[in-house]
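Structure first, commentary second.
Just so it is clear: chains get the letters A, B, ... in the order the sequence lines come, proteins before strands, and each one is counted from 1. Note that these values count all heavy atoms, side chains included, but never hydrogens, waters or copies made by symmetry.
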Amino acid sequence: MAEQLGARFFARDVVDVARELIGMTLFRDGVGLRITETEAYKWPPDTACHAKAGITERTAPLFGPPGRAYVYLCYGIHNLLNLVTGEDGQAQAVLVRACAPLQGLDIVAERRGGKRGPSALDGPGKVGQALALDTGWSHHDVTRRGGLEVRRGEPPRGLLVGPRIGIDYALEEHRVLPWRFAEADCRWVSHRKRLRPLGTVATMPA
DNA sequence: CGTCAGATGATC
DNA sequence: ATCATCTGACGC
């Protein structure tokens, strides 16, 4: 079985971890998902990060040790999964925005109510639903054995990068940060149009 | 392909 | 009141 990621992997800058999490796998109770899209959040100075409001019951995991889950309810409906990074005391986390289903396809399809394609996990709410997560999973140590785990997977053939999604409330200088990463040539990615290959420089048309 | 509104409930 | 979303409806 693939190596489970340890605290050392997560105890680094959130942007590096977000990029390197592409291709890693999430496992819980018979369901296995390959991570295909992530976003980095870090306060300070990122005003898109929930931690900007300070330590509350909800955001406490963000300020805690790396390798923990931060799960929160979004729009009253969706449970979004984050993985805490950086040193203990810093407020950083990677949002898992999309996954490719690997194992437990039938379980995922059932949890998704058979809606709209058997297991389209191209969005953070769908990922939380596929893993049957709720806010009770906040503070869970994903470097521990059991429960929700993160394991090493096949490295992606290519990466895409772009601005983060759904953060209109943040300052312009933070809205444009290229802190969103996705696997290239992958079906399971949301808002594909706003992404460009990583490592290339945008050029003007001739 | 695109835009748009409603659902829905914890949080501050 | 706000919100790191999703879905179905409708127009081109």
Side-chain angles (χ1 to χ4, degrees), chain A residues 10 13-15 17-19 21-22 26 33 35-64 68-86 90-101 108-140 142 148 160-183 187-195:
Chain A
F10 295 99
D13 186 80
V14 66
V15 179
V17 177
R19 187 180 57 244
L21 273 173
I22 302 296
L26 291 164
L33 309 178
I35 298 173
T36 56
E37 183 183 349
T38 60
E39 284 177 353
Y41 290 85
K42 170 170 60 176
W43 172 264
D46 174 19
T47 51
C49 181
H50 288 171
K52 77 172 189 294
I55 301 179
T56 67
E57 186 170 353
R58 179 181 68 140
T59 64
L62 284 172
F63 295 85
R68 305 298 180 92
Y70 164 51
V71 180
Y72 80 98
L73 185 64
C74 182
Y75 293 100
I77 304 174
H78 304 105
N79 289 288
L80 273 49
L81 170 63
N82 296 255
L83 301 172
V84 176
T85 70
Q90 298 181 329
Q92 314 182 346
V94 175
L95 170 67
V96 179
R97 281 197 61 89
C99 290
V108 171
E110 185 180 354
R111 286 174 178 163
R112 302 230 51 234
K115 295 176 186 173
R116 243 355 211 180
S119 44
L121 304 182
D122 52 344
K126 300 173 187 177
V127 172
Q129 187 179 28
L131 292 167
L133 298 177
D134 57 39
T135 55
W137 284 85
S138 258
H139 295 285
H140 173 77
V142 301
L148 178 65
L160 305 177
V161 65
R164 294 171 295 173
I165 298 297
I167 54 166
D168 289 348
Y169 59 87
L171 291 177
E172 167 75 10
E173 61 190 292
H174 303 140
R175 274 185 275 153
V176 299
L177 289 170
W179 282 6
R180 176 164 166 253
F181 301 95
E183 176 160 19
R187 173 183 173 193
W188 313 106
V189 172
S190 66
H191 300 264
R192 197 175 318 214
K193 197 171 178 182
R194 306 191 59 189
L195 294 165

Notebook entry, point to check: Which sits closer to the 5' end of DNA chain B, A:Ala53 or A:Tyr75, going by the nucleotide each is nearest to?
Noted result: A:Tyr75

Notebook entry, point to check: Sub-3.5 Å donor-acceptor pair from the side chain of A:Thr59 to the main-chain atoms of A:Gly54, do we have one?
Noted result: yes

Next item on the list: Calculate the interatomic distance between A:Asp134 atom CG and B:dG9 atom C1'; express it in whole Å.
Entry: 14 Å

Next item on the list: Would you indicate, yes or no, if C:dT5 has its OP1 or OP2 atom less than 4.0 angstrom from a side-chain nitrogen or oxygen of A:Arg97?
Entry: yes

Margin query: Regarding A:Leu95, tell me which of base, sugar-phosphate or nothing describes its non-hydrogen contacts under 4.0 Å with the strands shown.
Written below: base

Notebook entry, point to check: Is there a Watson-Crick or G-U wobble partner for C:dA4 with both distances under 3.5 Å, and if so, which one is it?
Noted result: none

Item checked: Separation of C:dC3 P from A:Ile77 CD1 (nearest whole Å) -> 16 Å

Note to self: Nearest to the A:Leu73 side chain among B:dA10, B:dC12, C:dA4, which nucleotide is it?
What the structure shows: B:dA10

Notebook entry, point to check: Taking the six-membered ring for Trp, are the ring centroids of A:Tyr41 and A:His50 within less than 6.0 Å of each other?
Noted result: no

Next item on the list: Check every atom of B:dC12, C:dC3, B:dG2 against the side chain of A:Tyr169 and return the nucleotide holding the closest atom.
Entry: C:dC3

Item checked: Separation of atom OH in A:Tyr72 from atom P in B:dT8, rounded to whole Å -> 19 Å

Notebook entry, point to check: Taking atom P of B:dA7 as reference, at what distance in whole Å does atom CD of A:Gln129 sit?
Noted result: 19 Å

Next item on the list: Considering just the side-chain nitrogens and oxygens of A:Arg112, establish if one lies under 4.0 Å of OP1 or OP2 belonging to C:dT7.
Entry: yes

Item checked: Rounded distance (Å) that lies between atom C1' of B:dA7 and atom CG of A:Asn79 -> 15 Å

Item checked: Beyond-backbone contact of A:His78 with A:Gln129, side-chain heavy atoms, under 4.5 angstrom -> no

Next item on the list: Could you state the atom-to-atom distance from CZ of A:Arg194 to P of C:dA4 in whole Å?
Entry: 15 Å

Item checked: Closest listed nucleotide, where the reference is the side chain of A:His78 and the choices are C:dT5, B:dG2, B:dC12 -> C:dT5

Next item on the list: May I ask you to say what A:Leu80 touches in the nucleic acid, namely base, sugar-phosphate or nothing, with a heavy-atom cut-off under 4.0 Å?
Entry: sugar-phosphate

Next item on the list: Report the nucleotide, chosen from B:dC12, C:dC3, C:dT5, that has the shortest atom-to-atom distance to any side-chain atom of A:Pro124.
Entry: C:dT5

Next item on the list: Describe the nucleic acid contact of A:Arg164 in one word from base, sugar-phosphate, nothing, applying a heavy-atom distance below 4.0 Å.
Entry: nothing

Next item on the list: Give a yes or no on whether a salt bridge exists between A:Arg164 and A:Asp46, defined as a side-chain N under 4.0 angstrom from a carboxylate O.
Entry: yes

Checklist line | Closest to side chain of A:Lys126, choosing from B:dG2, C:dC6, C:dT5 | finding: C:dC6

Margin query: I'd like to know if the side chain of A:Arg68 reaches the main chain of A:Thr85, judged simply by a donor and an acceptor atom lying under 3.5 Å from each other, with no hydrogens or angles considered.
Written below: no

Notebook entry, point to check: Once you round it to whole Å, what is the distance between C1' of B:dA10 and NE2 of A:His50?
Noted result: 12 Å

Next item on the list: Could you please name the partner base of B:dT8, counting Watson-Crick and G-U wobble pairs only when both distances are under 3.5 Å?
Entry: none

Next item on the list: Kindly determine whether A:Glu39 and A:Arg97 satisfy salt bridge (charged side-chain N to carboxylate O under 4.0 Å, His left out), including the steps that lead there.
Entry: CA-CA 7 Å; A:Glu39 284 177 353; A:Arg97 281 197 61 89; 3.8 Å; yes

Check: Atom NZ of A:Lys52 to atom C1' of C:dC3: distance rounded to whole Å?
Finding: 10 Å

